[in-house]
Amino acid sequence: MVRDMVREFAQTEVKPVAGQHDRDHTFPRATTRRMGELGLLGVTVPEQYGGPGCDYVSFALVAEELAAADASHSVIFGANASLTVGPILTFGTEEQKQRYLPKLTSGEMLGCYALTEPGSGSDAGSLRTTARREGDEYVIDGQKVFITNGAVADVCVLFARTDPGSTDARGISAFLVDTKSPGFTVGRNEEKLGLNASTTNQLFFEGLRVPAENLLGKEGEGFKVAMSTLDTGRIMAAAGSVGIARAAFEASVAYAKERKQFGRPIASNQAIQWKLADIDVGIEAGRNLYLKAAWLKDHGEPFTHAASRAKLWCSEMAMRAAIEAVQVHGGNGYTKDYPVERYMRDIKIFEIFEGTSEIQRLVIARHVLA
Ligand SMILES: Cc1cc2nc3c(=O)[nH]c(=O)nc-3n(C[C@H](O)[C@H](O)[C@H](O)COP(=O)(O)OP(=O)(O)OC[C@H]3O[C@@H](n4cnc5c(N)ncnc54)[C@H](O)[C@@H]3O)c2cc1C
């Protein structure tokens, strides 16, 4: 039911506006508002906090369906429903849940997740932003980069070093920060290869005062908050990748049947058929990988290994699928008259964010060798 409802919304309301937002580099406010009205922005939030209370299998299906219409929408959804709502659900106090979850679900508030810094990406534990305790407040100074939803967020899950003596993953804490607070400045919106409808910003903090009650989880527990959030985010990234691969595949099948060369549809050539067959298998395998990871999470089982497997496979499979989709479309595939060039640009980031492919292999190898 969730999949069908989101597919209907995504195909009739999101897909028709995706190309224009990509060309204009505009944030899709109207359809983001609609995602809020449909409860998608907090799809796993329990009913007591104003959400539909769906499981993580549903959450992943939402990510696939949105990405099959437009990757940017799936990423806007993920930054809110996964990266912001997730840590509040797992680590938030009752008061924090009541304050933020209903508004993050309805879209009255949007969230962002600020971990990456100019000097710390894959090695997130080496971050330099500091949070100094002063009475009932923390004072935060530092900088973040590449923050999805940074310019449109009302609340930011922000990671900073509370132990000034530490230089590694210990000594980091997580905070819920009001983005309108004095000392919180949004920097430039990055010009990117793709995901043009999603805003990706630098954030600057100068003497930013945050009430101590806005600590998310315990002091010094921030790295655990960050990593457990990314585990779930990897399910979302895997499912989103399958969505993009599906869009590329469906466009390729239709084009291959219609386009004629040498007096017959190009689909009658084995060279084209094999491309389609490989993508078909890749999508099916990828969907099973992300569904298994989501199912494990729903059942309270460890899912770090499964989420990394899914994220690695799905993003790399979808990258190949998008490149092949452009190839199947020939010269048309290289133009903006067809959507496959956008799929090829949009998918690349799925091999980079929420942990690069190299970092996924590192996580998987750690499990294999343990
Ligand atoms: C569009 C976009 C949206 C993003 N959204 C967010 C967001 O909302 N919040 C947020 O906090 N961050 C976000 N990010 C940041 C993203 O998560 C990082 O870019 C990513 O984690 C990689 O970090 P890095 O760019 O510093 O690359 P680096 O860590 O500098 O890596 C460079 C290369 O070295 C490789 N490498 C690094 N360490 C190792 C190792 N130990 N072994 C093998 N290879 C290694 C990497 O795999 C990569 O290929 C976003 C980035 C982009 C571009």
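Every number for a ligand or one of its atoms is a count from 1 in the order of the listing. The analysis underlying the following values was restricted to heavy atoms, covering all of them including side chains, and did not include hydrogens, waters or symmetry mates. Since we're looking at a predicted model, the values are computed, not measured.
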Row check, W313 ring normal vs R287 NZ/CZ: under 6.0 Å, within 45°: no
Aromatic centroids of Y113 and F159 separated by under 6.0 Å: yes
Give me the pairs of N or O atoms, one from ligand 1 and one from the protein, that sit under 3.5 Å apart.
from	atom 1	to	atom 2	distance (Å)
ligand 1	5 (N)	F146	O	2.9
ligand 1	5 (N)	T148	OG1	2.8
ligand 1	8 (O)	T148	N	3.1
ligand 1	8 (O)	T148	OG1	3.3
ligand 1	9 (N)	Y113	O	2.8
ligand 1	11 (O)	L115	N	2.9
ligand 1	11 (O)	T116	N	2.9
ligand 1	11 (O)	T116	OG1	3.1
ligand 1	12 (N)	T116	OG1	2.7
ligand 1	14 (N)	F146	O	3.3
ligand 1	29 (O)	S122	N	2.9
ligand 1	29 (O)	S122	OG	2.6
ligand 1	47 (O)	T356	OG1	2.6
ligand 1	47 (O)	E358	OE1	2.8

Would you mind writing out the side-chain donor-acceptor pairs for residues 54-63 within the sub-3.5 Å range, not counting sequence neighbours?
from	atom 1	to	atom 2	distance (Å)
D55	OD1	V57	N	3.4
D55	OD1	S58	N	2.9
D55	OD1	S58	OG	2.6

Non-hydrogen side-chain atoms of L66 and F9 separated by less than 4.5 Å: yes
K192 side chain to T200 side chain, donor-acceptor N/O pair below 3.5 angstrom: yes
D154 side chain reached by K180 side chain, heavy atoms, under 4.5 Å: yes
